[in-house]
Amino acid sequence: MEWTEYVYSALKTLAANGWVELCAYLVGGWVITRTIGRIFTQLEQNKNLPHQMMILLSRALKGVVWALALVQGLRALGVDVVSILGAAGVMGVAIGFASQTSLSNLISGIFLVSERSFKLGDYIRVQGEEGTVESINLLSVYLRRADNSLVRIPCETLIKNPVTNITGSPRRRIDIDLGVDYNSNLVRVREVINGIILRDPDLLDSPAPTIMFTSFGDSSVNLRIGAWCKTEVYHGLRFRLATTILEEFRKEGINIPFPVRTVLLQKDAD
C-alpha cells in the first residue's frame with residue numbers, strides 16, 4: 001500500500017501549500033458562473049428582458065465571480081494580492097491614458113445598451129455599412145453583411161453618427177417610383193395601382209397606401225407608390241408588386257416611356 005501513502009502525502013503537501021484551497025475556489029467559481037448563466041437565461045425567457053442587456057450583465061457578474069475566486073485562491077497560496085493589485089492599479093492608470101479611444105468606446109457601449117435603439121437580429125445602416133446585428137458588446141457591435149462577411153463597428157461610431165434601424169418596426173413601407181406617359185389617364189392609372197394593392201393579401205390596409213404625384217419629367221409624369229407590409233416579407237413582396245404593376249400596365253395599355261433625346265446635326269457651311 002505504498003502508493004496510497006504516497007498519494008496521501010502528496011495531497012497533504014498540496015493542502016498545506018494552499019493548492020487544494022485554490023482548486024476549491026476555482027471549482028466554486030465555475031459552479032457559481034454556471035448557475036448565473038442559467039438564472040439569466042430563465043429571466044430572459046420569463047420576464048421578456050432585452051437579450052443584449054442580459055448577456056452583458058451575465059458576463060459582468062461572471063467576471064466578478066472569477067476575479068474573487070482567483071484572488072481568494074492566490075491568497076490561499078500565500079501570494080501578496082494587495083501588492084499585485086496596487087501595481088496593477090498604477091499600470092491601469094498608465095494604460096488608461098494610452099487607450100482613451102477604448103475608454104470612449106466603453107462609455108458609448110454603456111449608453112448604447114441602455115438606450116436600446118436596436119437589438120440582436122435587427123438590420124441597421126450606419127456610416128455606409130449595413131447588416132444584421134449579430135453581437136452587441138461594450139466596445140463594438142458586429143454586423144453580418146448580406147454577403148455573409150462580418151464587420152466590426154466601434155460603439156463610439158454608433159453614438160456619434162445617425163443609425164438607421166431598417167427592421168426596428170414590425171411594419172415597413174414599400175416605396176416604388178415610376179413614370180407614365182403624358183398621354184396616360186392618371187385617374188385610370190391610380191385605379192389600376194389601387195386594385196393591385198387591394199388584391200394582394202400581404203399588403204396592409206392600415207396605414208392606407210398612397211399614390212402621389214412627384215414631378216413632371218422630361219418624358220413622363222412621375223408618381224410614387226407607398227404600400228405597407230410586414231417587415232419580414234418586405235423584399236419578396238416589393239419584387240412581386242413591381243412585377244404585377246408591369247403586367248397590369250401592359251394589359252391596360254399604360255406606357256412607361258423611355259427617355260427621348262433629339263439630336264440636331266448642323267451641316268458644315270460651304
Can you confirm whether [X] sits close enough to [Y] that some side-chain heavy atom of one is under 4.5 Å from a side-chain heavy atom of the other?
X      : Y      : value
Phe249 : Val192 : yes
Arg172 : Trp228 : no
Ile124 : Glu130 : no
Asp200 : Leu241 : no
Ile245 : Leu178 : yes
Ile166 : Thr164 : yes
Leu143 : Ile153 : yes
Gln127 : Thr157 : yes

Following the transitive rule for hydrophobic clusters with a side-chain heavy-atom cut-off under 4.5 Å over Ile, Leu, Val, Met, Phe, Trp and Tyr, establish whether [X] and [Y] coincide in one cluster.
X      : Y      : value
Val233 : Ile225 : yes
Val126 : Leu120 : yes
Phe239 : Leu204 : no
Leu150 : Ile136 : no
Tyr142 : Tyr123 : no

inquiry  = side chain to side chain contact (heavy atoms under 4.5 Å, CB included), that's the test. Do Phe118 and Leu158 meet it? Break it down for me.
reply    = CA-CA 11 Å; Phe118 55 83; Leu158 295 165; 4.1 Å; yes
request  = Evaluate the side chain to side chain contact (heavy atoms under 4.5 Å, CB included) criterion for residues Arg125 and Val163: first the C-alpha distance (whole Å), next the side-chain angles of each, then the deciding distance (0.1 Å), finally the verdict.
outcome  = CA-CA 6 Å; Arg125 182 185 298 121; Val163 178; over 6 Å; no
Mind listing the closest non-hydrogen atom pair of [X] and [Y] along with its distance?
X      : Y      : value
Phe213 : Leu223 : CA-CD2, 3.9 Å
Ile256 : Gly179 : CG2-O, 3.3 Å
Thr132 : Gly121 : CG2-O, 3.6 Å
Val189 : Ser184 : CG2-CB, 4.2 Å
Arg171 : Thr231 : N-OG1, 3.4 Å
Val180 : Pro257 : C-CD, 3.7 Å

message = Working note: Ile254 + Asp181, criterion side chain to side chain contact (heavy atoms under 4.5 Å, CB included); need CA distance, chi angles, decisive distance, verdict.
response = CA-CA 7 Å; Ile254 300 171; Asp181 193 282; over 6 Å; no
message = Strictly below 4.0 Å, N to O, side chains only: are Arg240 and Asp202 in salt-bridge contact?
response =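 Yes, Arg240 and Asp202 are salt-bridged.
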Reported [atom1]-to-[atom2] distance for the pair [X] and [Y], which is rounded to 0.5 angstrom:
X      : Y      : atom1 : atom2 : answer
Arg199 : Asn194 : CZ    : CG    : 10.5 Å
Glu191 : Ile193 : CD    : CD1   : 11.0 Å
Arg144 : Glu134 : CZ    : CD    : 4.0 Å

request  = Quick one: do Ile174 and Tyr234 satisfy side chain to side chain contact (heavy atoms under 4.5 Å, CB included)? Show the steps, please.
outcome  = CA-CA 7 Å; Ile174 299 174; Tyr234 173 84; 3.7 Å; yes
ask   = Has the side chain of Thr33 got a donor or acceptor atom that lies under 3.5 Å from a matching backbone atom of Trp30?
value =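 Yes, Thr33 side chain to Trp30 backbone: donor-acceptor pair under 3.5 Å.
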request  = Could you tell me whether a side-chain N or O of Ser135 sits under 3.5 Å from a main-chain N or O of Val141, the two making a donor and an acceptor?
outcome  =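 No, the answer is negative, given that no donor and acceptor are paired below the 3.5 Å cut-off.
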request  = Test Thr214 against Asn222 for side chain to side chain donor-acceptor pair (under 3.5 Å), laying out the working first.
outcome  = CA-CA 6 Å; Thr214 56; Asn222 298 320; 4.9 Å; no
ask   = Can you list every pair that meets side chain to side chain donor-acceptor pair (under 3.5 Å) and has a residue in residues 242-254, with sequence neighbours left out?
value =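 Output for this query lists Arg188-Glu252.
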No-hydrogen, no-angle side-chain donor-acceptor test under 3.5 Å, Ser140 and Arg152 =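 Per modelled atom types, Ser140 and Arg152 side chains form a pair under 3.5 Å.
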request  = For Arg145, check salt bridge (Lys or Arg N to Asp or Glu O under 4.0 Å) against everything at least two apart and list the hits.
outcome  =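 Salt bridge (Lys or Arg N to Asp or Glu O under 4.0 Å) check on Arg145 returns Glu129.
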